[in-house]
Amino acid sequence: MAKSSEKALSGYEVLLCVTGGIACYKTADLASSLVQAGAGVNVAMTDSATQFIGPITFQSLTGRRVYTSMWIAPQEYSAQHIALTELADLMVLAPATADILAKMACGIADNLVSTLALSAHGACPILAAPAMNTRMWTAPAMQANMKTLIERGLTVIGPAEGRLACGTVGNGRMSEPDEIFQSISDLLKKHPPKNAGATQSP
């Protein structure tokens, strides 16, 4: 993946949310590119995402704590689901599984990432990069969920056609990190950083 040689995203804050899918390994590359471009990156992961890639990977790439649970020590509590979205200029779901997209469409907030997605309303826009089996992507329920989310303002990139984790070839592959990076950059540059100078995670 081509890396930006300039700090083109300096001052911007990205909330990168990772859900459970084999495409998680691509998200590490995306996180690295965002940091190299000057963006501040906070990472939140679902439990299932941590089964594919460890939080320490994202901590090493971003230089920041990785958030994996709603439940933390009282002395560290700062209403994460509110603070993280208020800091962010953009929330990115990559990969965005069928599960998280369905929860978003129904307003379900039963883990950290789904709660962040719900609390992002009025705080920051959301970009989703779906990744799932072709039959799941084309299922009427999934398409109805996507229609609802897009009507509510969700920006979507992909999915692409290609070889999937199940061994078949079809539509459902997460877009490549460089494509997602470009979409993030385009969305961010529509507005100046809302918290210019903010470099610390909440």
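This is a predicted model, so every value here is computed, not measured.
- Put simply, I150 and M91 are part of the same group of oily side chains (I, L, V, M, F, W, Y) that touch within less than 4.5 Å, one to the next.
- Residue D186 places its CG atom among more than 12 non-hydrogen atoms of other residues, nucleotides or ligands, all under 6.0 Å distant.
- T19 contributes a side-chain N or O that, together with a main-chain N or O of P95, makes up a donor-acceptor pair within less than 3.5 Å.
- Screening I180, D178, V41 for a side-chain contact (heavy atoms from CB on, under 4.5 Å) involving L30 leaves a single residue, I180.
- Screening I56, N42, V43, T50 for a side-chain contact (heavy atoms from CB on, under 4.5 Å) with V66, the sole residue that qualifies is V43.
- Residues forming a side-chain contact (heavy atoms from CB on, under 4.5 Å) with S10 (at least two apart in sequence, or on another chain): K7.
- By the criterion of side-chain heavy atoms lying less than 4.5 angstrom apart, applied directly or through intervening Ile, Leu, Val, Met, Phe, Trp or Tyr residues, L61 is not grouped with L15; the two fall into different hydrophobic clusters.
- Between T85 and L116, the shortest heavy-atom distance links the atoms CG2-O, 3.4 Å.
- Within the 4.5 Å cutoff, side-chain heavy atoms of I100 are placed close to those of S114.
- To the nearest 0.5 Å, atoms CG (D89) and NZ (K190) are separated by 14.0 Å.
- In this structure the side chain of L154 never reaches within 4.5 angstrom of the side chain of T148, judged on heavy atoms.
- The existence of a salt bridge linking E179 and R173 is excluded, since no basic side-chain nitrogen approaches an acidic carboxylate oxygen closer than 4.0 Å.
- Separating the CD atom in Q51 from the SG atom in C24 is a distance of 10.5 Å, to the nearest 0.5 Å.
- Using a distance-only test at 3.5 Å, with no hydrogens or angles considered, no donor-acceptor pair links the side chain of K103 to the main chain of V113.
- In terms of heavy-atom proximity, M136 sits nearest to A98 at CE-CB, 3.6 Å.
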Handout entry: From CA spacing to verdict: side chain to side chain contact (heavy atoms under 4.5 Å, CB included), I53, F58
Key = CA-CA 9 Å; I53 187 169; F58 289 105; 3.7 Å; yes

Practice task
Using the side chain to side chain contact (heavy atoms under 4.5 Å, CB included) rule, take E176 and F181 through it: C-alpha gap first, then chi angles, then the decisive distance, then the call.
Solution key: CA-CA 9 Å; E176 293 303 310; F181 176 89; over 6 Å; no

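- Summarising the geometry, atom CG belonging to D110 is positioned 7.0 Å from atom OG1 belonging to T115; distances are rounded to the nearest 0.5 Å.
- If you take CG on N111 and OG on S69, they are separated by 9.5 Å, rounding to the nearest 0.5 Å.
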Practice task
Would you sort out whether E13 and C124 count as a side chain to side chain contact (heavy atoms under 4.5 Å, CB included), showing the intermediate values?
Solution key: CA-CA 10 Å; E13 287 286 329; C124 66; over 6 Å; no

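- L149 is listed as a side-chain neighbour of L101, based on a closest heavy-atom distance under 4.5 Å.
- The side-chain contact (heavy atoms from CB on, under 4.5 Å) search around L118 returns A109, not counting sequence neighbours.
- Taken to the nearest 0.5 Å, the CG atom of L16 stands 12.0 Å off from the CG atom of L84.
- Remark: side-chain polar atoms of Y12 are paired, donor with acceptor, to backbone N or O of L188 under 3.5 angstrom.
- Under the 3.5 Å distance criterion, the side-chain polar atoms of K194 are matched with a main-chain donor or acceptor of A88.
- Note on residues 151-160: pairs passing side chain to side chain donor-acceptor pair (under 3.5 Å), not counting sequence neighbours, are K147-E151.
- Looking only at side-chain heavy atoms (C-beta outward), V18 and T46 stay at 4.5 Å or farther from each other.
- With hydrophobic clusters built from ILVMFWY side chains whose heavy atoms lie under 4.5 angstrom apart, I108 does not share a cluster with M146.
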Handout entry: Worked verdict on M104 versus I126 for side chain to side chain contact (heavy atoms under 4.5 Å, CB included)
Key = CA-CA 11 Å; M104 289 169 62; I126 304 177; 4.2 Å; yes

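- L127 contributes atom CG, which lies 6.0 Å from atom OG of S183 (distance to the nearest 0.5 angstrom).
- G158 and S175 get closest at one heavy-atom pair: CA-OG, 3.4 Å.
- Of the possible donor and acceptor atoms, one in the side chain of Q143 sits under 3.5 Å from a partner among the backbone N and O of W137.
- M174 places a side-chain heavy atom less than 4.5 Å from the side chain of K26.
- Of all the heavy atoms in T97 and G20, the pair that sits closest is CG2-O, 3.2 Å.
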